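Just so you know, these numbers use all the heavy atoms, side chains as well, and skip hydrogens, waters and symmetry mates. Computed from a predicted structure; not experimentally measured.
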Amino acid sequence: MRTIDSINFSNKKAIIRVDFNVPLNDQFQIMDDSRLKATLPTLNKILNEGGAIILMSHLGRPKIGPEDRFSLSHIVNQLSHLLNRPVQFANDCIGSEAIDKASNLQSGEVLLLENLRFYSEETKGDSAFAKKLASLADVYVNDAFGTAHRAHASTTIVAQFFPEAKCFGALLAQEIISLKKILEEGES
């Protein structure tokens with residue numbers, strides 16, 4: 001199992017699949033930010049090594065394309081607070097704004113892409129969609145335990161475009177270790 005500890009992120013852009021599917025109230029305020037906090041060890045390790053971060057996630061289950069109530073823009077302020085640095089936001093995940101912002105991203109900067117599920121290609125595991133996501137970065141990190149089992153474009157498919165530069169984040173690695181321990185030791 002290759003983890004973030006096996007990669008030096010200095011001057012690299014890492015695209016990270018996170019699970020920021022957090023509950024929001026009617027005013028689009030985060031009700032529980034534990035999923036954001038759970039990714040901090042991964043994000044801080046990459047930032048502390050001089051890497052740049054491109055975050056991709058889903059939020060809710062949008063039916064057809066973009067819906068404001070499912071926009072990841074609602075979490076930017078809280079994520080900026082937790083990281084103690086500004087988080088940029090792209091109003092799309094594969095369009096020209098995402099490409100421009102990702103290409104101009106500097107060491108120590110963070111970019112959050114808009115909800116992946118605004119595109120049906122995400123849940124269909126579309127290879128062309130995954131390739132567009134992969135083109136934004138040098139390294140792929142999966143730190144989304146809750147979606148890792150799905151053959152979505154941003155999980156298993158995008159990883160194919162990073163033959164040597166992919167790994168698990170700290171959260172996903174710890175979950176795998178815990179599962180392995182349960183399977184091997186079981187209950188007495």
Side-chain angles (χ1 to χ4, degrees), residues 1-22 30 32-59 72 75-76 78-90 93 98 101-102 105-117 122-123 125 129-130 133-183:
M1 173 174 72
R2 190 164 188 204
T3 68
I4 58 169
D5 294 328
S6 65
I7 296 178
N8 180 340
F9 290 93
S10 178
N11 296 314
K12 292 191 175 130
K13 292 178 188 169
I15 190 161
I16 308 171
R17 179 52 160 107
V18 291
D19 185 359
F20 286 169
N21 189 22
V22 297
I30 298 171
D32 177 1
D33 67 355
S34 58
R35 289 186 180 194
L36 304 180
K37 290 177 179 174
T39 63
L40 292 178
T42 296
L43 305 182
N44 286 325
K45 186 225 190 273
I46 294 168
L47 292 169
N48 291 340
E49 286 187 3
I53 292 175
I54 303 163
L55 297 166
M56 57 181 174
S57 181
H58 74 283
L59 178 62
L72 285 166
I75 69 166
V76 170
Q78 181 62 13
L79 186 58
S80 295
H81 171 73
L82 292 171
L83 288 171
N84 199 30
R85 68 183 72 219
V87 172
Q88 299 176 48
F89 183 71
C93 56
K101 286 187 174 188
L105 207 59
Q106 299 298 309
S107 177
E109 294 183 334
V110 180
L111 171 64
L112 175 62
L113 303 176
E114 183 57 281
N115 193 336
L116 294 163
R117 289 191 183 169
E122 162 64 359
T123 54
F129 182 75
L133 292 168
S135 71
L136 302 176
D138 307 304
V139 179
Y140 171 68
V141 179
N142 190 337
D143 210 24
F145 181 72
T147 61
H149 66 287
R150 298 186 179 172
H152 288 178
S154 67
T155 56
T156 57
I157 310 305
V158 74
Q160 297 171 15
F161 296 100
F162 296 94
E164 301 299 321
K166 59 188 168 195
C167 63
F168 293 133
L171 173 63
L172 188 55
Q174 187 56 50
E175 294 287 355
I176 291 170
I177 290 167
S178 296
L179 285 172
K180 186 176 178 184
K181 183 177 180 182
I182 290 169
L183 290 171

TODO: Evaluate the criterion side-chain contact (heavy atoms from CB on, under 4.5 Å) for residue pair Leu83 and Ile53; output intermediate values, then yes/no.
DONE: CA-CA 12 Å; Leu83 288 171; Ile53 292 175; over 6 Å; no
TODO: Could you walk me through whether Ile16 and Ile46 pass the side-chain contact (heavy atoms from CB on, under 4.5 Å) test, one step at a time?
DONE: CA-CA 10 Å; Ile16 308 171; Ile46 294 168; 3.6 Å; yes
- [ ] Could you give me the CA-CA distance, side-chain angles and deciding distance for Leu116 and Leu133, then say whether side-chain contact (heavy atoms from CB on, under 4.5 Å) is met?
- [x] CA-CA 10 Å; Leu116 294 163; Leu133 292 168; 4.0 Å; yes
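The two residues Leu113 and Ala98 have their closest heavy-atom pair at CD2-CB, 3.9 Å. Of all heavy-atom pairs spanning Phe162 and Ala137, the tightest one is CE2-O, 3.6 Å. Residues Phe20 and Ser57 approach most closely at N-OG, 2.8 Å, considering heavy atoms. Gln106 approaches Ala52 most closely through the heavy-atom pair O-CB, 3.4 Å. Nearest heavy-atom pair across Pro41 and Ala38 is CD-O, 3.6 Å. Considering all non-hydrogen atoms of both residues, Phe168 and Val141 come closest at C-CG1, 4.1 Å.
Applying the salt bridge (charged side-chain N to carboxylate O under 4.0 Å, His left out) test to every pair with at least one member in residues 5-16, sequence neighbours left out, gives no pairs at all.
Counting non-hydrogen atoms of other residues, nucleotides and ligands closer than 6.0 Å to CG of Asn84 gives a total of 12 or fewer.
The main-chain N or O of Gln160 is never found under 3.5 Å from a side-chain atom of Tyr140 such that the two would form a donor-acceptor pair. A donor-acceptor pair under 3.5 Å links the side-chain atoms of Glu114 to the main chain of Leu72, judged by distance alone. The backbone N or O of Val87 sits less than 3.5 Å from a side-chain atom of Ser80, completing a donor-acceptor pair. Checking side-chain atoms of Thr42 against main-chain N and O of Gly169 turns up no donor-acceptor pair under 3.5 Å. Side-chain atoms of Arg35 come within 3.5 Å of backbone N or O of Asn21 as a donor-acceptor pair.
Donor-acceptor pairing under 3.5 Å is recorded for the side chains of Asp32 and Ser34. Checked by atom type, the side-chain pair Thr155/Arg17 shows no donor-acceptor distance below 3.5 Å.
Counting only heavy atoms from C-beta outward, the side chains of Leu36 and Ile30 approach each other to under 4.5 Å.
Atom-to-atom distance recorded for Asp19:CG and His58:NE2 is 5.5 Å, nearest 0.5 angstrom. For the atom pair CD (Gln88) and CG (Leu105), the distance works out to 5.5 Å, reported to the nearest 0.5 Å. The line from CD1 of Ile4 to CZ of Arg2 is 12.0 Å long, rounded to the nearest 0.5 Å. Between Thr39 atom OG1 and Asn44 atom CG the span is 8.5 Å, to the nearest 0.5 Å. Within the model, atoms CE of Met56 and CD of Glu122 stand 8.0 Å from one another, a figure rounded to the nearest 0.5 Å. Rounding to the nearest 0.5 angstrom, the gap separating the OG atom in Ser10 from the CG atom in Asn48 is 12.0 Å.
The only member of Asp143, Ile75, Leu43, Ile15 that meets side-chain contact (heavy atoms from CB on, under 4.5 Å) when paired with Leu55 is Leu43.
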